[in-house]
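Here the structure comes first, spelled out in structure tokens, and everything after it is commentary.
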Amino acid sequence: MSRNRPPRVPPSEITPPDVHAARRRFLQGAGAALGALAAAPVLADAQPTGMPLTFRRNAAFSTTEPANSWQDITTYNNFYEFGTDKSSPSRLADWLRPRPWSVTVSGAAEVTGTFTLEDVLKPHALEERIYRLRCVEAWSMVIPWVGFPLGDLLKRFRPTAAAKFVEFRTLFDPKQMPGQRLPVLDWPYVEGLRMDEAMHPLTIVAVGLYGRVLPNQNGAPLRLVVPWKYGFKSIKSIVRIHFAEKRPRTSWERAAPDEYGFFANVNPEVDHPRWSQARERRIGAGLFESRRPTLPFNGYAEQVASLYRGMDLRRFF
Ligand SMILES: Nc1nc2c(c(=O)[nH]1)N[C@H]1C(S)=C(S)[C@@H](COP(=O)(O)O)O[C@H]1N2
Ligand SMILES: [Mo]
């Protein structure tokens, strides 16, 4: 926990009266330094799964492809903490209690500590962004997420110049996540991004989908969505954010380093050792619909290709 005195709040950021009581509550607790920065009105407060959210549509950052159904998005999931098949997460996800929840922030940043979900979400206005999700298993979906830019959250912790990467961890609790009783991955699930990837405006924290609070099987209460990378980078049910100097060793890299690289940029030209990545099957499309070509960076090349200029993307897959 940073012992820095919270910065003085300029008059332009005077908090409206209705949030004063809540503000005093978290200023007393571990959220002091973060809370003092949270001067905006409550927009993204923690709410139970399925509750409607208030958000604006962000058309500029959304695909116009038709979205998959709520049914597809919430019953065909990868969430190994609830089993390795696609239907287990939706059947077992009630075991998870996503509220109350807290997130611990550590490493190379001025503001560190353990923060409640409310402290984390409060100042962020929510947007709907319809993104393609491309799984490394060569299927894809189109998902209307509700969330906010990860960079806006990370900036509040004031990362120092030493922060080159951000590491994220999922909850570890086999009582809530029965899949963690089996050694399919080295739990907890760990993922990471280079700082510039984390700060990129396309990278979001999702707290909802189809305008409603995120169902547990989709990574409640908060998960990343990094649309130009294979789905496994979009870590679910985050409890820890660590600003690191060195590249984190992710769960999938540890499990099979020649199959799942750190960068994991969607790339039709770099095959998985056991299958081609050139095409993908859109979940929910007709059984006889042919597989569509996979796009470099999952169709987001114009926005993100410059992040990797000069890098050999066959080597850094
Ligand atoms: N903690 C955790 N996060 C995870 C996974 C997981 O098994 N555990 N699976 C990943 C994979 S492989 C994919 S494709 C996406 C799927 O997200 P969705 O179920 O919301 O569509 O979540 C990613 N995040
Ligand atoms: Mo995936």
Side-chain angles (χ1 to χ4, degrees), residues 49 67-93 95-96 98 101 103 129-147 167-174 176-180 182-193 203-210 212-241 248 250-256 259-261 264-266 272 274-275 277 280-284 294 298:
T49 296
N68 278 89
S69 65
W70 171 268
Q71 178 72 10
D72 285 344
I73 297 168
T74 61
T75 61
Y76 191 91
N77 300 102
N78 267 339
F79 201 170
Y80 277 22
E81 286 83 343
F82 297 96
T84 54
D85 66 290
K86 305 291 174 250
S87 61
S88 293
S90 58
R91 282 186 288 107
L92 300 174
W95 290 45
L96 177 69
W101 192 267
V103 177
R129 295 187 182 195
I130 307 170
Y131 280 167
R132 281 182 292 276
L133 176 135
R134 171 56 158 80
C135 182
V136 77
E137 297 161 323
W139 52 262
S140 62
M141 285 205 213
V142 175
I143 303 181
W145 300 111
V146 178
E167 181 188 308
F168 301 89
R169 281 184 195 202
T170 296
L171 177 70
F172 178 71
D173 182 358
Q176 296 185 60
M177 296 181 147
Q180 290 176 331
L182 299 171
V184 283
L185 283 174
D186 187 3
W187 310 111
Y189 197 101
V190 173
E191 257 308 336
L193 295 169
T203 306
I204 59 170
V205 173
V207 297
L209 68 85
Y210 267 117
R212 294 181 175 272
V213 171
L214 206 59
N216 291 354
Q217 58 268 38
N218 294 92
L222 77 172
R223 55 92 54 86
L224 291 194
V225 181
V226 194
W228 71 95
K229 292 176 180 279
Y230 291 117
F232 68 85
K233 297 297 285 183
S234 293
I235 183 171
K236 297 177 169 180
S237 306
I238 296 166
V239 292
R240 196 180 125 122
I241 299 175
T250 67
S251 297
W252 282 107
E253 255 186 304
R254 271 178 276 164
E259 299 188 18
Y260 310 102
N265 291 319
V266 173
H272 184 280
R274 292 182 279 133
W275 59 82
Q277 293 292 27
E280 65 199 49
R281 176 173 62 92
R282 178 63 48 86
I283 299 303
T294 286
N298 201 24

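Atoms within each ligand, like the ligands themselves, are counted from 1 in listed order.
Under the salt bridge (charged side-chain N to carboxylate O under 4.0 Å, His left out) criterion, Asp173 pairs with no residue, sequence neighbours left out. Arg91 pairs by the salt bridge (charged side-chain N to carboxylate O under 4.0 Å, His left out) definition with Asp85, not counting sequence neighbours. Taking the salt bridge (charged side-chain N to carboxylate O under 4.0 Å, His left out) definition, one finds that Asp72 meets it with nothing, sequence neighbours left out.
Using a cut-off of 4.0 Å between Lys/Arg side-chain N and Asp/Glu carboxylate O, Lys229 and Glu191 are scored as not salt-bridged.
Gln176 CD to Glu81 CD: the interatomic distance, rounded to the nearest 0.5 Å, is 11.5 Å.
Each of Val266, Asn298, Ile143, Asn78 was scored for a side-chain contact (heavy atoms from CB on, under 4.5 Å) with Leu133, with one residue passing: Ile143.
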Polar pairs, ligand 1 vs protein, N/O only, below 3.5 Å.
{"from": "ligand 1", "atom 1": "1 (N)", "to": "Glu81", "atom 2": "OE2", "distance (Å)": "2.9"}
{"from": "ligand 1", "atom 1": "1 (N)", "to": "Thr170", "atom 2": "OG1", "distance (Å)": "2.9"}
{"from": "ligand 1", "atom 1": "3 (N)", "to": "Lys236", "atom 2": "N", "distance (Å)": "3.2"}
{"from": "ligand 1", "atom 1": "7 (O)", "to": "Tyr80", "atom 2": "N", "distance (Å)": "2.8"}
{"from": "ligand 1", "atom 1": "8 (N)", "to": "Glu81", "atom 2": "OE1", "distance (Å)": "2.8"}
{"from": "ligand 1", "atom 1": "9 (N)", "to": "Asn78", "atom 2": "O", "distance (Å)": "3.2"}
{"from": "ligand 1", "atom 1": "17 (O)", "to": "Arg223", "atom 2": "NH2", "distance (Å)": "3.2"}
{"from": "ligand 1", "atom 1": "17 (O)", "to": "Lys236", "atom 2": "NZ", "distance (Å)": "3.4"}
{"from": "ligand 1", "atom 1": "19 (O)", "to": "Asn77", "atom 2": "ND2", "distance (Å)": "2.8"}
{"from": "ligand 1", "atom 1": "19 (O)", "to": "Lys236", "atom 2": "NZ", "distance (Å)": "2.7"}
{"from": "ligand 1", "atom 1": "20 (O)", "to": "Asn218", "atom 2": "ND2", "distance (Å)": "3.0"}
{"from": "ligand 1", "atom 1": "20 (O)", "to": "Arg223", "atom 2": "NH1", "distance (Å)": "2.9"}
{"from": "ligand 1", "atom 1": "24 (N)", "to": "Ser234", "atom 2": "O", "distance (Å)": "2.9"}

